[in-house]
Amino acid sequence: MNCGIIGAGTIARALAQHLVAAGHRVVLSNSRGPSTLGEVVANLGPLASAGTAAQAAKADMVFLTVMWPDIPAALAGLPPWDGRILVDTTNQFARLDPVEVADLGDQTGSEWVAGLAPGARVIKAFNTLFAQYIAADPRHPAGRQLLFYAGDDATAKTTFRDVVDGFGFAPVDIGGLRDGGRLMQVGGGPLSGLHALRQD
């Protein structure tokens, strides 16, 4: 599969590593331009390349990994989504020091993101895990790392499930962006920060 990543921080690099290890092609992007990512993509190997956010967004499956305040700028001016999958890995931290969670009323973070990416089939995933659990091998002697995900499009969820199952995670579908998203979001979601294994 052709995959794109918008953002190039810790989460982005961990996901890129999983993707290339599973045989997928990855275009990694950031706000500073492809020339700043040469060393990163060289370390990832020949399946990885650097590009603009617009180039990354043309992939079949795109991972959004930027900080919450940067989302509008990251999604602005991208090509029409036309049903491509957008995986929202973000948490709605308006700021980190001190921690402040953005107030969206009764809207979930991924519903807000979906509003900025009309035509995308949005999946919410990876935001409940600390970065070290995303980067690590999800296969453990006691079982596989649970990965909760939510979305409103059944076909997109099946595609996503198959991809992350290939990484070694144990994917768990928890429903749509509204109800499932509420379970996963920071500031009260019971699955936020929950790290558990599933025995297979």
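Residues: numbered from 1 along the sequence shown.
Counting heavy atoms from C-beta on, the side chains of Q17 and N43 never come closer than 4.5 Å. Residues I71 and T90 form a side-chain contact, since some pair of their non-hydrogen atoms from C-beta on lies under 4.5 Å apart. Under the 4.5 Å side-chain criterion, counting only non-hydrogen atoms from C-beta, R84 is not in contact with M61. Residues I6 and L78 are in side-chain contact: their nearest non-hydrogen atoms beyond the backbone lie under 4.5 Å apart. Looking at I134 and I11, their side chains come closer than 4.5 Å, going by heavy atoms from C-beta outward. The shortest distance between side-chain heavy atoms of F148 and L129 does not fall below 4.5 Å. Taking 4.5 Å as the limit, some side-chain heavy atom of W112 sits within range of a side-chain heavy atom of W68. Within the 4.5 Å cutoff, side-chain heavy atoms of I85 are placed close to those of I123.
Although no hydrogens or angles enter the test, the distance criterion places no donor-acceptor pair under 3.5 Å between the side chain of K124 and the main chain of A150. A donor-acceptor pair is defined here as one N or O able to donate and one able to accept, closer than 3.5 Å; such a pair exists between the side chain of H24 and the backbone of M1. Looking at S192, its side chain never comes within 3.5 Å of a backbone N or O of G189 through a donor-acceptor pair. Between the side chain of Q185 and the main chain of R182, no donor-acceptor pair closer than 3.5 Å is present. In this structure, S110 contributes its side chain and V113 its backbone to no donor-acceptor pair below 3.5 Å. With Q145 contributing its side chain and Y133 its backbone, the two residues share no donor-acceptor pair below 3.5 Å.
Note: L194 CG to L146 CG = 7.5 Å, rounded to the nearest 0.5 Å. The distance from atom OG of S29 to atom CG of L37, rounded to the nearest 0.5 Å, is 7.5 Å. Between D165 atom CG and L147 atom CG the span is 10.5 Å, to the nearest 0.5 Å. Atoms CG and CD1, on L183 and I174 in that order, are 5.0 Å from each other to the nearest 0.5 Å. With values rounded to the nearest 0.5 angstrom, L177 atom CG is found 10.5 Å from Q107 atom CD.
The ring-ring contact (aromatic ring centres under 6.0 Å, His included) test applied to H18 returns F167, F169, not counting sequence neighbours.
One hydrophobic cluster, built from ILVMFWY side chains closer than 4.5 Å, cannot hold both V87 and L116; they sit in different ones. Placement of L104 and M184 in two distinct hydrophobic clusters is found when ILVMFWY residues are connected by side-chain heavy-atom separations under 4.5 Å, directly or transitively. Cluster annotation: V163 is not connected to V27 through the hydrophobic network of ILVMFWY side chains, with a link wherever side-chain heavy atoms come within less than 4.5 Å. Linking ILVMFWY residues whenever their side-chain heavy atoms come closer than 4.5 Å, directly or via other members, places F130 and V164 in the same cluster.
What you find for R178 and T108 is that their closest heavy atoms are O-CG2, 3.4 Å. The shortest non-hydrogen separation linking L19 to C3 is CD2-SG, 3.7 Å. Between W81 and G119 the shortest heavy-atom distance is CB-C, 3.5 Å. The two atoms that bring F160 and A125 nearest to each other are CZ-CB, 3.3 Å, heavy atoms only. The two residues V66 and G7 have their closest heavy-atom pair at CG1-CA, 3.9 Å. Shortest non-hydrogen contact noted between A59 and V62 is O-CG2, 3.8 Å.
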Show the atom names and distances, to 0.1 Å, of all donor-acceptor pairs under 3.5 Å that link a side chain in residues 91-102 to residues at least two apart or in another chain.
residue, atom, partner, partner atom, Å
N91, OD1, N127, ND2, 3.1
N91, ND2, N127, O, 2.9
Q92, OE1, G109, N, 3.4
Q92, NE2, A102, O, 3.1
R95, NE, E100, OE1, 3.1

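Within 6.0 Å of CD on Q132 lie more than 12 heavy atoms contributed by other residues, nucleotides or ligands.
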- request: For the pair T36 and N30, evaluate side-chain hydrogen bond (donor to acceptor under 3.5 Å, both in side chains) and give the outcome as yes or no after the intermediate values.
  value: CA-CA 8 Å; T36 65; N30 66 9; 3.0 Å; yes
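When each of D152, D60, D153 is checked for a salt bridge (charged side-chain N to carboxylate O under 4.0 Å, His left out) with R121, only D153 meets the rule.
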